[in-house]
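See structure below.
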Amino acid sequence: MFASDRSRHAIMHRSEEWMMFEQELNNVTLKIRQSLKRLDVPIPDQIEWVPTPFEGQWGFGTNACFQAAAVEARAGKRVNVPARAQEIAETVLNDLSPIAGFIRTVAERGYLNLYIKPAEYAQRVIDIVLEQGNVFGHGDPKNQRVMVEYSQPNTHKAFHVGHLRNVILGGAMSNILEFEGYDTVRANYIGDIGWHVIQWLWCYLRFHAGEEPEGDRTRWMQDIYSEASQLVEDNQEFEAEAREVFARWEHDDTELIDLWKKTRQCSLEGFNEIYDTLGEHFDVFFYESEVEKPGKVLVEELIKQELAVDERPTGGPVVVKLDELLGLEKETYRVLVILRSDGTSLYATKDLPLAIKKFNEWQIDKSIYVIDVRQSLYLKQIFKLLEIMGFKQGKDCYHLSYEIVNLPGNVTISSREGTIVMFDDLIQEAFRRAHEIVEEKNPTLSENQKKEIAQIVALGALKYPMLSVDNNKVATFDWERALDFEGQAAPYIQYAHVRANSILNKAGTIPDPAPPNHELEVQEISLLDHLSRFPDEVTRSANNYKPLTIANYAYDLARTFSEFYQHCPVLKAEKDVRFFRLRLTAAAKQTLANSLRLLGIKAPEVM
RNA sequence: GCCCCCGUAGCUCAAUGGAUAGAGCGCCUGACUUCGAAUCAGUAGGUUGGGGGUUCGAGUCCCUCCGGGGGCGCCA
C-alpha cells in the first residue's frame, strides 16, 4: 500500500512525536545521567519519557528519580522514596538548569517534567500531518507478512449480528496492521461442508425441490437450514434420511454435488453482497472442502508417527493425547479429537493442514485467527499440536479472541434455533433511521446525497460499538443502543470531520506553513497534543492487537476538535490566527479521517 | 474435578504498573440573527465486588473468597 510514499520510510520514524523531540530528550537524558553520577545517585537503566498529564500544558516527564530513590531504598538506605525522588529531581534540575529546548523544567511530585514551547512545535506537528496526508501515522515497513483470518461464515446459514463483530474486528485489525507496516493478508475461511450442509441438502430435496430464492438469498438459505435442523432433531426418520444423504455425499454422488455447488454459490454470493456493503474485501478465500482430504492424509501420518492414537478398532475416534505427549501432570491441553470414529472429518482435521498451507503457500510470518472465545482451548490445542508435529510456526499462531454477542435476556444467538437478528434487517433499519435524521438536519441536500450519507452514518453507527468495547466483554445486542447516533458513537466522530471540512470549504484554500504568533489557547494545545500522538496509538494498537485503542483515540480526537472549534473562532479570527487555525483544522480533519479509515468507517464531507 | 473471561458512577463502558480513576447515556442548569446545536459549557454522581500480598507506586500484577458468563475425546 501507499507505494508512492515508500521514499519517506527511510527518514520518517514510526513515531513523529518522539522524533520531533528525540534530539532534545536524548540530550536531556544524557545530561541527567551525568548529573546523577556527579551527585552520587544510582542511575536507572532506562530513563523513559511520557507526555505530562496536565491539560493545556505540553511537555514530557520522567519517573527516573523514583527509580533512583527506589534503588537507594533497596540498597538499605532508610529513605522515603517519594520525598527522596522529589529531592533528587530538584537537585538534578539545579545542577542542569537551564536546559536547552524547553521553556520550563519542573520537579513535580517526584517527576522531572520538561515543558516545551508550544509555538515552536505546533507548526512542526501540523506540517508533518499535512505533508503526510492520508499516510500520517503509518509505521515503517516491518518486512513481515501477517495473515488475518476472519469472518469464516458457514454457507447454507444466516449471516447475523454475531458474525458482524467478527468481521468488523478482523477488518479493523487488518487495516491497523497494514498501516503499521505489516504486509497484511486478509483471509476468509468458508464452512462449505459438514453436517449442517447435509441437513440443508436433505431438507431441500425432501421439501423444497426445484425452489429458487427470491429476494434475500441468505435469508432463504437460513430458513431452510432452520427448518432442516428442527426436523432432523425432532424426528428420527428424518435424521436417518439425512444420514443417507451424508452417505451419498461420501460416495461423491454427482447429482448431490451439483446441488451442493449451486447452493453453495448462492450463499457465497449473498456473503459477497454483505462484504460489499460493509466495505470489506479478502485477499484469499479458503474453503473447508479443499482441506478435508489433505487433513485425512495428515491424520494417517500422525497415527504412523504415533502422535495420534487410532481408537477406531474399538469403536472410538482418532485422538491426540496432548498432555500425555508433553508429559504434563496437570490437565492443560487435554485430548484433541482429530477424526470421527466413522472416518469423517472434524474442524481439527481441516484446521491442521490449513494452518500449514497458510505458512507454506503464503510465506507468512504470523498467523492470526479472529475467532470467538469459546474456541480458546481448541485453538490452543491446534497450535500446540502443530509444534509437537515439528511445525515450529505453531508458536507464530495467535488467537485474537472476542466474546460473543447475545440477545437481550442473555439469549444466545443460534442459527439452528433461529434466534438471530439478520444482518440485512439490521442495516436496513439503521439506514432508515439515519436517513430520517439527515432529512431533518439537512433537508436541502439531494436525495442521492441523503442516501449516501445515511448509508455512511448507519454503517459507522453499527461498526463503532463493536470496536469501542474490549474484546473479552460479552456484548448484548440491543436495537436501541445499536442504533444510537448520539454521544460516544461514530456519527459524533464523523460530525467533527464534517465540521472541519465545512470550515475549510468556506476558507477556500489552506494557507502556507507558518508558526503561530499568538498565545495558543488551551484547546489548541490540547488538539495539537492529540494529533501528535496518533502514530504512537497506531503502534500500540497493532502491537497489542487492539483496535479498541484506535476507537478510543478517534473519539478523543473528535471531542478535542469539537472543543477547539467551539472555543476558537477560525474564519473570524484576525489574519495570522486564522491562517494558523485553518492549518490546524486541516490537520485535525486529516487525522480524524485516517483514524476512522483504520476502523473501517467512512468520513463524510457533509452530513 | 480442571481451565479461561468478566465485576469500575444509577445504566453502558474507558483508563502503557504512574501524577487528581475518565467518557457517554440518564438527571438537573445554561449557550443558536454567531465557522452547521448530530455541538458546546456547567452541576450531581466512586471504599474500582471483599480480603490479603508484591512494588517507591496497583483498577491494572500475584494469592484467596464472593457473584456472573464460558470451555473441557468424536459440535462448529
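Within every chain, numbering begins at 1; the chains are lettered A, B, ... in the order of the sequence lines, protein sequences first and strands thereafter. Note that these values count all heavy atoms, side chains included, but never hydrogens, waters or copies made by symmetry.
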Does the structure show a Watson-Crick or G-U wobble partner for [N], both distances under 3.5 Å? Name it, or say none.
N     : value
B/C27 : none
B/C2  : B/G71
B/G22 : B/C13

Nearest-Å distance once atom [atom1] is located in both [N] and [M]:
N     : M     : atom1 : answer
B/A9  : B/C13 : C1'   : 11 Å
B/G10 : B/U16 : C1'   : 31 Å
B/G68 : B/U8  : P     : 15 Å
B/U60 : B/G1  : P     : 27 Å
B/U54 : B/U64 : C1'   : 15 Å
B/G46 : B/A21 : P     : 13 Å
B/C6  : B/A14 : P     : 10 Å
B/U43 : B/U29 : P     : 15 Å

### Message
Could you check whether any side-chain N or O of A/Asp372 sits under 3.5 Å from a backbone N or O of A/Tyr402, counting only pairs where one atom can act as donor and the other as acceptor?
### Response
no
### Task
Say whether, by atom type as modelled, one donor and one acceptor occur between the side chain of A/Asp323 and the main chain of A/Tyr333 under 3.5 angstrom.
yes
Would you kindly say whether [X] and [Y] are connected by a side-chain donor-acceptor distance under 3.5 Å?
X        : Y        : answer
A/Tyr378 : A/Asp351 : yes
A/Glu403 : A/Asn471 : no
A/Asp342 : A/Thr344 : yes
A/Ser289 : A/Asp192 : yes
A/Glu605 : A/Asn501 : yes

Please determine if a side-chain N or O atom of [X] lies less than 4.0 Å away from the OP1 or OP2 oxygen of [N].
X        : N     : answer
A/Lys473 : B/A14 : yes
A/Asn552 : B/A14 : no
A/Arg340 : B/C75 : yes
A/Arg540 : B/U16 : yes
A/Arg74  : B/C56 : yes

### Query
When you match A/Ser345 and A/Ser376 each to their closest nucleotide on RNA chain B, which lands nearer the 5' end?
A/Ser376
### Summary
5'-most contact on RNA chain B (nearest-nucleotide basis), A/Tyr347 vs A/Thr52, goes to A/Thr52
Return the value, rounded to whole Å, for the distance between atom [atom1] of [X] and atom [atom2] of [N].
X        : N     : atom1 : atom2 : value
A/Leu377 : B/C75 : CG    : P     : 16 Å
A/Leu483 : B/C25 : CG    : P     : 16 Å
A/Gln381 : B/C2  : CD    : P     : 19 Å
A/Gln199 : B/A76 : CD    : P     : 10 Å

Provide a list of protein-nucleic acid N or O atom pairs under 3.5 angstrom, restricted to nucleotides 31-41 of chain B.
unit_1: B/U34; atom_1: O3'; unit_2: A/Lys572; atom_2: NZ; d: 2.5
unit_1: B/C35; atom_1: OP1; unit_2: A/Lys572; atom_2: NZ; d: 3.0
unit_1: B/C35; atom_1: O5'; unit_2: A/Lys572; atom_2: NZ; d: 3.0
unit_1: B/C35; atom_1: O3'; unit_2: A/Lys506; atom_2: NZ; d: 3.4
unit_1: B/C35; atom_1: O2; unit_2: A/Val570; atom_2: N; d: 3.3
unit_1: B/C35; atom_1: O2; unit_2: A/Leu571; atom_2: N; d: 2.8
unit_1: B/C35; atom_1: N3; unit_2: A/Val570; atom_2: N; d: 2.9
unit_1: B/C35; atom_1: N4; unit_2: A/Tyr565; atom_2: O; d: 2.1
unit_1: B/C35; atom_1: N4; unit_2: A/Cys568; atom_2: O; d: 2.8
unit_1: B/G36; atom_1: OP1; unit_2: A/Ser502; atom_2: OG; d: 3.0
unit_1: B/G36; atom_1: OP2; unit_2: A/Lys506; atom_2: NZ; d: 2.5
unit_1: B/G36; atom_1: O2'; unit_2: A/Tyr495; atom_2: OH; d: 2.8
unit_1: B/G36; atom_1: O2'; unit_2: A/Arg499; atom_2: NE; d: 3.3
unit_1: B/G36; atom_1: O2'; unit_2: A/Arg499; atom_2: NH1; d: 2.5
unit_1: B/G36; atom_1: N7; unit_2: A/Ser502; atom_2: OG; d: 3.4
unit_1: B/G36; atom_1: N1; unit_2: A/Asn442; atom_2: ND2; d: 3.3
unit_1: B/G36; atom_1: N1; unit_2: A/Met607; atom_2: O; d: 2.8
unit_1: B/G36; atom_1: N2; unit_2: A/Met607; atom_2: O; d: 3.4
unit_1: B/A37; atom_1: OP2; unit_2: A/Arg499; atom_2: NH1; d: 3.1
unit_1: B/A37; atom_1: OP2; unit_2: A/Arg499; atom_2: NH2; d: 3.1
unit_1: B/A38; atom_1: OP1; unit_2: A/Tyr495; atom_2: OH; d: 3.3
unit_1: B/A38; atom_1: OP2; unit_2: A/Lys441; atom_2: NZ; d: 2.9
unit_1: B/U39; atom_1: O2'; unit_2: A/Tyr565; atom_2: OH; d: 3.2
unit_1: B/U39; atom_1: O2'; unit_2: A/Gln566; atom_2: NE2; d: 2.9
unit_1: B/C40; atom_1: OP1; unit_2: A/Tyr492; atom_2: OH; d: 2.3
unit_1: B/C40; atom_1: O4'; unit_2: A/Gln566; atom_2: NE2; d: 3.2

### Query
Under the rule syn = chi within 90° of 0, otherwise anti, which is B/C32?
syn
### Task
Enter syn or anti for the glycosidic conformation of B/G67, syn applying to angles within 90° of 0.
anti
Identify which nucleotide among [options] has an atom closest to any side-chain atom of [X], counting heavy atoms from C-beta outward.
X        : options             : answer
A/Pro82  : B/C13, B/U12, B/C56 : B/C56
A/Arg334 : B/C5, B/C74, B/G1   : B/G1
A/Tyr555 : B/C3, B/A14, B/G24  : B/G24

### Query
Counting heavy atoms not belonging to A/Glu574, are there more than 12 under 6.0 Å from its CD?
yes
Under 4.0 angstrom, heavy atoms only, what part of the nucleic acid is [X] near: base, sugar-phosphate, or nothing?
X        : value
A/Lys321 : nothing
A/Val474 : sugar-phosphate
A/Leu548 : sugar-phosphate
A/Asn471 : nothing

### Message
Please report whether the ring centroid of A/Tyr495 lies less than 6.0 Å from that of A/Phe561.
### Response
no
### Message
Taking the six-membered ring of A/Phe477 as reference, does the cationic atom of A/Arg165 (NZ for Lys, CZ for Arg) lie under 6.0 Å from its centre and within 45° of its axis?
### Response
no
